[in-house]
Number of protein chains: 2
Amino acid sequence: MKHVTIKDVARKLGVSISSVSRAFNDKYDIKPETKARILSVADELGYRPNPIAKKLIKQQSLNIGIIVPEFINDFYARVIIGVQQVLIAKGYQVLIMQSDENPDLERNNTKTLLDNFVDGLIVCPINEHDNILYFKKQISQGVPIVFLGRISAGFIGSKIIFDDYKWSLFATEHLINQGYQTIYHLSGDPQFSVSKKRKAGFLKAMEKHKIPESNYKIIAAGLTAEAGELATTQLIQKEDVPEALFCINDPVALGAMKALRTYHINIPQDIAIVGCTETPMAPLAYPPLTSITQPAVEMGASAAELLLRQIEHGFNTPQTITFDGLLNIRESSTRPIVNS
Amino acid sequence: MKHVTIKDVARKLGVSISSVSRAFNDKYDIKPETKARILSVADELGYRPNPIAKKLIKQQSLNIGIIVPEFINDFYARVIIGVQQVLIAKGYQVLIMQSDENPDLERNNTKTLLDNFVDGLIVCPINEHDNILYFKKQISQGVPIVFLGRISAGFIGSKIIFDDYKWSLFATEHLINQGYQTIYHLSGDPQFSVSKKRKAGFLKAMEKHKIPESNYKIIAAGLTAEAGELATTQLIQKEDVPEALFCINDPVALGAMKALRTYHINIPQDIAIVGCTETPMAPLAYPPLTSITQPAVEMGASAAELLLRQIEHGFNTPQTITFDGLLNIRESSTRPIVNS
DNA sequence: TTGTACGCGTTATCAA
DNA sequence: TTGATAACGCGTACAA
């Protein structure tokens, strides 16, 4: 692809390159009719201003990097959509990388992005200790970073988070209010901040409603459907099936439901299920799954705006924006009326 | 973010910038010990070669654009993963844009990407007539483009496609072999090439197995779960429920299953369901859904490799690579043995 | 209102 | 083995 340059346009018209440049940048004085002539010839020649040369002068890449653990599930895909909505409108391009839940890859991705001179970074971190230190170092060296998702509340820095504690509490209380007595929580890796916060919300509900310790349990299952199916199968085989299950996310909940169906345990008659971070599957599941919607697109957009403020206005005070969710109550957790 | 430049390194050491440059580009002669000195000082200063300046000289952006209809469903997300695997390893960055099934947006995305001087384009087109002409024009102007997915077989140009006809035929034959007599096909927009090809495979199966015309029907439902649910509900209300349903994709199949459950029609006893373009939900559905896996990651990787050959070796002969799938037979289409 | 000339950070050519 | 210098394409003081 051979590109037409500003010189080609200038030569063709017998004007200087500065005039051509001015025709493309409104802020300078230029005779309207020469501008029109230039624009028309430029169009005819198929001239596009070379963004690379412009970036070299302006000392900014107009590239923003975003690192997500994955984007196969719709949550991070939606976050990316929100990020792009804001940034593309401002002339930025978004470089997306996946860490695949692997801390080494997360760090390598950061280096790749920094080698590409991105103007800033949105990181949806795995929240592994060493990497958090690494990010802190980058911030201290002047790299604008906004975190989104699994970042500890105590972390000093700009971040977009979801109020996991509160909504986990709500979801659990919904189960309690439906009259379920024994409630287990299928959690994720205990190290993940998201696991910790949802667990804390669950435990708060237990405390608040004075559920005896013998009636609840926390099981570190994982984040996948396979993990949910396995953990639930083990409970069934140990004959330790509670009346309700609050799962850390929808895939785990769907896996649990599959295991229960295999053993002909009825939902919600025998056991109630609640998921979290609602996926499009929730309303299509059998029975339709109660879950918590997270405003992923809005969170992504918010992260992008916060980052832009840092980059363009040097606004650098750490800021935390907390988002609320929505509990979508469906059949999987609606206790049927026993007798009337 | 103030960047350390090659000059800073040179000044600090009292050497010329050319020496620093040589230290970072193995192909030149340089005394090993000065190279070591330079590298160590560069590291200490936190110097990174500015990729933007490099791109300006090399006359390539090392950016590749990819346009997908969406990446909320996992198919295109996986395609992107395959594309990135190949391209990032070669030092490229991938700019991802969504057309949202909107031809205008597809064209605008292309312009944005071209304005950014991408070295090439991978397009997963909506396959709208005017835009195909537009892409043809770009190709004739020297823009390297590889298409993936919904592109007509007759289109002259490099493309990665899935053998929809063949696998649609297989899936339908699987239903016929299970003994289902009346089979409907929930299709998508009749204009889409994917709709046409899957429909053609379905019809071929009807012809091959001499199914009378009164026993089959093609319904243009759409591509979403809502579309599948609606179309199926209408069939139920018209009391026109077939013995089997071959759906254009998994969301449509899952929507259909939801409608059937609402009316207490049993799957697969009363009706069999087969989906397509398998999603992670297929094995988790109730009952587990028969579907066709498409090798999305491999298709993406293949598109990237084909594009690289065009860009780096000027290899320009239109090439079509066709991928095969896998029919995953599950409970939703397995006719129970009636009496034994 | 327009043109000249410098510089952004790098690579590559030539001379030393 | 090194250093000086001309590009790459553009924006922008400064001069005209």
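Chain identifiers are assigned alphabetically (A, B, ...) following the order of the sequence lines, protein sequences preceding nucleic acid strands; residue numbering begins at 1 within each chain. All values reported here derive from a predicted model rather than from experimental measurement.
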With the side chain defined as heavy atoms from C-beta on, A:Val15 is closest, among C:dT10, C:dG9, C:dG3, to C:dG3
Side-chain atoms of B:Lys31 come closest, of D:dT5, C:dG9, D:dT2, to D:dT2
Provide, to the nearest angstrom, the distance between the CD1 atom belonging to B:Ile17 and the P atom belonging to D:dG3.
11 Å
Could you go through B:Asp26 and B:Lys35, starting from their C-alpha distance and side-chain angles, then the distance that decides it, and tell me whether this counts as salt bridge (Lys or Arg N to Asp or Glu O under 4.0 Å)?
CA-CA 10 Å; B:Asp26 292 330; B:Lys35 175 170 176 175; 3.0 Å; yes
Using a cut-off of 4.0 Å on non-hydrogen atoms, how would the nucleic acid contact of A:Tyr47 be classed: base, sugar-phosphate, or nothing?
sugar-phosphate
Within the 4.0 Å heavy-atom criterion, would you say B:Pro51 contacts the bases, only the backbone, or no part of the nucleic acid?
nothing
Using atom CD1 of B:Ile30 as one end and atom C1' of C:dT11 as the other, report the distance to the nearest whole Å.
14 Å
Rounded to whole Å, please give me the gap between CD in A:Gln59 and P in D:dG11.
15 Å
Phosphate oxygens OP1/OP2 of D:dC10: is one of them under 4.0 Å from a side-chain N or O of A:Lys54?
no
Under-3.5 Å donor-acceptor pair between B:Arg22 side chain and D:dG3 base:
yes
Length of the CG-P vector between A:Leu56 and C:dT11, whole Å:
12 Å
Euclidean distance, atom CG of residue A:Asp115 to atom P of C:dT10 [Å, nearest integer]
13 Å
In whole angstroms, the gap separating P of C:dT10 from CG of B:Asn50 amounts to 5 Å
Contact class for A:Thr5 (heavy atom, under 4.0 Å): base, sugar-phosphate, or nothing?
sugar-phosphate
So which nucleotide from D:dG3, C:dG9, C:dG3 ends up closest to the side chain of A:Ser16?
C:dG3
Phosphate OP1/OP2 of D:dC8 contacted by A:Lys7 side-chain N/O (<4.0 Å):
yes
How is B:Ile57 classified with respect to the nucleic acid when contacts are heavy atoms under 4.0 Å: base, sugar-phosphate, or nothing?
base
Side chain of B:Ser18: nearest nucleotide among D:dA4, C:dT11, D:dC10?
D:dA4
So B:Lys58, base contact, sugar-phosphate only, or nothing? Heavy-atom distance under 4.0 Å.
sugar-phosphate
Would you tell me whether A:Ser61 and A:Lys55 have side-chain atoms, one donor and one acceptor, within less than 3.5 Å of each other?
no
State whether the number of non-hydrogen atoms from other residues, nucleotides or ligands found under 6.0 Å of B:His313 atom NE2 is greater than 12.
yes
For B:Leu133, look at atom CG and say whether over 12 heavy atoms of other residues, nucleotides or ligands are found less than 6.0 Å away.
yes
Closer than 4.0 Å, any side-chain N/O of B:Ser21 to the OP1 or OP2 of C:dG9?
no
Please tell me whether A:Thr110 and A:Gln138 have a donor and an acceptor in their side chains that are separated by less than 3.5 angstrom.
no
Separation of D:dG9 P from A:Phe24 CZ (nearest whole Å):
15 Å
Closer to the 5' end of DNA chain D via nearest nucleotide, is it B:Pro32 or B:Ala53?
B:Pro32
Students often get this wrong, so: under 4.0 angstrom with heavy atoms, is B:Ser19 touching a base, only sugar-phosphate, or nothing?
sugar-phosphate
Let me know the distance between CZ of A:Phe117 and P of C:dC8, rounded to the nearest Å.
14 Å
Show the numbers, then the answer: is there a salt bridge (Lys or Arg N to Asp or Glu O under 4.0 Å) between B:Asp104 and B:Arg107?
CA-CA 5 Å; B:Asp104 291 337; B:Arg107 199 184 294 223; 5.6 Å; no
